[in-house]
There are 2 protein chains.
Amino acid sequence: MATYTPAEAAQRSGFTIDTLRYYEREGILPRVARSAGGHRVYSDADLSTLDFLQCLRDTGMPIERLRRYGEMCQDPATMTDRAALLREHAADVDAQIALLTRRRARLTEKIAWYDEQIGDAAD
Amino acid sequence: MATYTPAEAAQRSGFTIDTLRYYEREGILPRVARSAGGHRVYSDADLSTLDFLQCLRDTGMPIERLRRYGEMCQDPATMTDRAALLREHAADVDAQIALLTRRRARLTEKIAWYDEQIGDAAD
DNA sequence: CTGAGCCCTGGAGCGCGCTCCAGGTCAAGC
DNA sequence: GCTTGACCTGGAGCGCGCTCCAGGGCTCAG
């Protein structure tokens, strides 16, 4: 089991050191292990948690919901609830993708319209 | 050509009255016509502009970029630039959709994992 | 043992995109 | 004409998600 300094954890996770501290303060990330002197020592498990958190953030899950998920992860009896939360979130993501796709089509139309205008002007 | 009060424009566009004023102040929306007493009078053209702005906002175009697009729309000589801006934005939207789709797959995996855990526990 | 560079904590500050407020003007039904 | 409610302007405030800072402690190469 490898361990990582805050700087390493930041680099590998893609979050900044400040964000890692912030997530820990907010209870999103479980309390990270410490060295004798109080410095954080990240484990592989922490990194994989961070990796999944990145996925949730990328898909627009708000901090407050992330916090609830993080809390539930502390209690093994909450698996069903966690799965439910993720299923709900997945539905949100589907809606996002659907909206974005519709809007994207709109952009295509508008671009085509511009191209037409530009073409006409060239005549 | 129908006209609309601020309240009607807000309701039809889906933006709030405050947001409409804000967009106008920021130069995103061209200066809206006024009544003798100084009240805004929105036209069908304004509403269709707003509708397209909604599309750009929904796809995450930042205010500053919106402002530049709005400015360019004042000048008919900028069609090519506008088309270029939209093409760039469309590429961003494609990237967003692609990322979201990848993350969505990740969620599916995680949910499946939870379901497996829950199933095992039930035995 | 020392110095340079990480890291610590608590709390303030920031950028975005609105949202709200005070204090006053306009519009329209009665 | 008066009242009621929508609207005006300029500017302050807010919620989110970080990001930065001061003032100090840890660590490790030399």
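Everything numeric in this text was worked out from a predicted model, so none of it was measured.
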Could you name each residue pair satisfying side-chain hydrogen bond (donor to acceptor under 3.5 Å, both in side chains) that touches residues 99-112 of chain A, not counting sequence neighbours? A:Arg103-B:Asp58, A:Arg104-A:Thr108, A:Arg104-B:Asp94, A:Arg106-B:Asp51

Residues in side chain to side chain donor-acceptor pair (under 3.5 Å) contact with B:Arg34, at least two apart in sequence or another chain: B:Glu24

Side-chain N,O ([X]) to OP1/OP2 ([N]) below 4.0 Å:
X: B:Thr5; N: D:dA6; value: no
X: A:Thr16; N: D:dT19; value: yes
X: A:Arg40; N: C:dC7; value: no

Are side-chain heavy atoms of A:Thr5 and A:Glu8 found at a separation under 4.5 Å? yes

Could you check if a side-chain atom of B:Tyr69 sits within less than 4.5 angstrom of a side-chain atom of B:Leu86, using non-hydrogen atoms only? yes

Using whole Å, what does the distance between atom [atom2] of nucleotide [N] and atom [atom1] of [X] come to?
X: A:Asp18; N: C:dG11; atom1: CG; atom2: P; answer: 16 Å
X: A:Arg67; N: D:dG17; atom1: CZ; atom2: P; answer: 12 Å
X: A:Ile17; N: C:dT9; atom1: CD1; atom2: P; answer: 12 Å
X: B:Leu66; N: C:dG17; atom1: CG; atom2: C1'; answer: 11 Å
X: B:Leu53; N: C:dC18; atom1: CG; atom2: P; answer: 11 Å

Check DNA chain D against residues 56-65 of chain A and give the residues with a non-hydrogen atom under 4.0 Å, in numerical order. A:Arg57, A:Pro62, A:Ile63

Going by heavy atoms closer than 4.0 Å, what residues in residues 20-28 of chain B are next to DNA chain D? B:Arg21, B:Arg25

Among C:dC20, D:dC8, C:dC18, find the nucleotide with the atom closest to the side chain of B:Pro6. D:dC8

I need the A:Leu66 CG to A:His89 NE2 distance, nearest 0.5 Å. 8.5 Å

Where along residues 42-52 of chain A does a heavy atom fall under 4.0 Å from DNA chain C? none

Are any of the side-chain nitrogens in [X] or [Y] under 4.0 Å away from the carboxylate oxygens of its partner?
X: A:Arg68; Y: A:Glu71; answer: no
X: A:Arg65; Y: A:Glu88; answer: yes
X: A:Asp115; Y: B:Arg87; answer: yes

Reading nucleotides 24-30 of chain D from the 5' end, what letters show protein touch, with B for base, S for backbone sugar-phosphate only, - for no heavy atom under 4.0 Å? -BSS---

Counting only heavy atoms not in A:Gln11, do more than 12 fall under 6.0 Å of its CD? no

For A:Glu64, does the CD atom have more than 12 heavy-atom neighbours from other residues, nucleotides or ligands under 6.0 Å away? yes

